[in-house]
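Written below as structure tokens is the structure these notes are about.
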Amino acid sequence: MSFGGEGEDAMRYWLMKSEPDVFSIQDLERKGREPWDGVRNYQARNFMRDDMRPGDGVLFYHSNAKPPGVAGLARVCSEAYPDPTAWDPKSPYYDPRSTPERPVWVMVDVEHVRTFPRLITREELAAAPALASMMVLRRGMRLSIQPVTQREFEEVCALVGS
DNA sequence: GCCAACGTTGGC
DNA sequence: GCCAACGTTGGC
């Protein structure tokens, strides 16, 4: 941990994957705000729990789609808190190891910011030199919540207008 | 639908 | 603690 150094309070940027058949940017736009439940990967959980702050920028990525790509922008609008779907036996995200007393899984709330007028496809991202080291483009990268740099975030936004 | 890459599980 | 087997992710 740093000691109040520069960057401690800086806004961070993320990419969050969602399968549009399950929950799309249009769904988020309609609802305005949504709890990002169902994350069952420790690395992704730790990002939410330890590093996400309200106000952080989010690239909303449509995965498992034809084609995949960034569909719009969202914003983190809560701190991490326990994911109740983990202790609901009827939920597809049920995990009996998690209890209200000792939650294993957490989520944040995310609010809609902008639906892009067109999808910025994975192909386009891959063709942008400034995005060469973007995590989501790495082969075999399955992590559903990924940090992105401010530069990458802004570059994706810039692609919308081009 | 295929399958490579990855994370998790569980036997030992 | 190792690692093979398995289930899942997700691009293609």
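Only this structure's heavy atoms are used, side chains among them; waters, hydrogens and symmetry mates stay out. Note on naming: letters A, B, ... go to the chains in the order of the sequence lines (proteins, then strands), and numbering restarts at 1 for each one.
With the nearest nucleotide of DNA chain B identified for both A/Arg139 and A/Arg40, A/Arg139 has the one nearer the 5' end. When the nearest nucleotides of DNA chain B are assigned to A/Met141 and A/Asn64 by heavy-atom distance, the more 5′-ward of the two goes with A/Asn64.
Once you apply a 4.0 Å limit to the heavy atoms of chain A, the touched nucleotides of DNA chain C run 5' to 3' over C/dG7 to C/dC12.
Comment: A/Arg30 engages A/Asp27 in a salt bridge, judged by a side-chain N to carboxylate O separation of less than 4.0 angstrom. Salt bridge present: A/Arg12 and A/Asp51 bring a charged side-chain N and a carboxylate O closer than 4.0 Å.
In this structure, A/Thr85 contributes its side chain and A/Ser91 its backbone to no donor-acceptor pair below 3.5 Å. A donor-acceptor pair under 3.5 Å is absent between the side-chain atoms of A/Glu19 and the main chain of A/Asn64, judged by distance alone.
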Apply ring-ring contact (aromatic ring centres under 6.0 Å, His included) to residues A/Trp105 and A/Tyr42 and explain how you reach the verdict. CA-CA 8 Å; A/Trp105 302 111; A/Tyr42 287 103; 4.7 Å; yes
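Within 4.0 Å of A/Lys17, counting heavy atoms only, lie sugar-phosphate atoms of the nucleic acid but no base atom.
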